Amino acid sequence: IAGNGVAGIVLPEKDEKVIGIRKGDAIALPFGAVTWWYNKEDTELIVLFLGDTSKGHKAGSFTDFYLTGTNGIFTGFSSEFVSRAWDVDESTVKALVGSQSGKGIVKLDGSIKLPDPKKEDRERLVYNCEEAPLDVDIKNGGRVVVLNTKNLPLVAEIGLGADLVKLDGFSCDSALQVTYIVSGSGRVQVVGVDGKRVLETTVKAGQLFIVPRFFVVSKICDPDGMSWFSIITTPK
């Protein structure tokens, strides 16, 4: 959504990829990916995570397994078990498991240096929606970039597609998806399969709304326009 940073991504049975990330990047993370996200700038790095949580440990919530830190999964094992699994001595285990005191977001001191990003690591992992060719371009209306298996093959493993839509002032869009408002504001109406309106409200940057299956949504933006990022339940 905003800022610049670095992400480390380890896909199942593959080597770590270290990528530079910037505003507009869409990254497909299949189940089982191990990641870290680092902001090396003074400005805010804002990343939006969207995904299917129906099969999570708690349905409706992301299932995050922290490897280290106060709620890391290795803190539950005795140092003997971890030292045997990793084939290191117990003092090393205590340093690896116990040195990170925070959880989720950790403030690093200046002595820690993370790996530098590699340009080639972005291939097949990242698609920048701000710089991509437009799939829809309506003069004085709006622009759409669609994210699917053609431009980011990994979305096939996730089972979701996405799009980034930017509407000019007073323009209208209709679609069927889960939507996060990136910037601007406007009005939204959602209609059910029986033709009855179930929601009419105003939306603005930072808000997210979900449209149930078979329901449809239409949005009309305010004079300053509106941008949003959506996911849909098909990678095609």
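The first residue of the sequence shown is numbered 1, and numbering continues consecutively from there. The structure displayed is predicted, hence computed values, not measured ones.
- Both V136 and M226 are assigned to one and the same hydrophobic cluster, defined by single-linkage of ILVMFWY side chains at heavy-atom distances under 4.5 Å.
- Note that the CD1 atom of I9 and the NZ atom of K14 stand 12.0 Å from one another [nearest 0.5 Å].
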Could you go through W36 and E16, starting from their C-alpha distance and side-chain angles, then the distance that decides it, and tell me whether this counts as side-chain contact (heavy atoms from CB on, under 4.5 Å)? CA-CA 11 Å; W36 52 263; E16 180 183 41; 2.8 Å; yes

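- Smallest separation of non-hydrogen atoms from V146 and D163: CA-CB, 4.0 Å.
- Salt bridge status for E90 with K94: absent, with no side-chain N to carboxylate O gap under 4.0 Å.
- Atom CG of D87 is surrounded by 12 or fewer heavy atoms from other residues, nucleotides or ligands within 6.0 Å.
- Counted by atom type alone, D25 and N128 present one or more donor-acceptor pairs between their side chains at under 3.5 Å.
- Clustering ILVMFWY residues whenever any of their side-chain heavy atoms sit less than 4.5 angstrom apart, transitively, puts L154 in the very cluster that holds I19.
- We find that E130 and R143 are not joined by a salt bridge, their nearest charged nitrogen and carboxylate oxygen being 4.0 Å or further apart.
- Environment of CZ in R187: sparse, with no more than 12 heavy atoms of neighbouring residues, nucleotides or ligands closer than 6.0 Å.
- In E44, the CD atom is not crowded: 12 or fewer heavy atoms of neighbouring residues, nucleotides or ligands sit closer than 6.0 Å.
- Side-chain contact between Q189 and V198: absent, with no pair of heavy atoms (C-beta onward) separated by less than 4.5 Å.
- The minimum heavy-atom distance linking V155 with N148 is given by the pair CG2-C, 3.4 Å.
- More than 12 heavy atoms of other residues, nucleotides or ligands lie within 6.0 Å of CG in D194, so this atom counts as buried by the packing criterion.
- With rounding to the nearest 0.5 angstrom, the CZ atom of F229 is 13.0 Å from the CD1 atom of I181.
- Below 30°, between 30° and 60°, or above 60°: for F74 and F77 the angle between ring planes is between 30° and 60°, a tilted geometry.
- Ring centers of F49 and W37: under 6.0 Å apart, within the cut-off.
- Inter-residue side-chain proximity for K17 and E120 is flagged as unmet; no heavy-atom pair is nearer than 4.5 Å.
- Side-chain polar atoms of T53 and S61 form no donor-acceptor pair below 3.5 angstrom.
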List the steps, then state whether side-chain contact (heavy atoms from CB on, under 4.5 Å) holds for V188 with V217. CA-CA 7 Å; V188 171; V217 58; 3.5 Å; yes

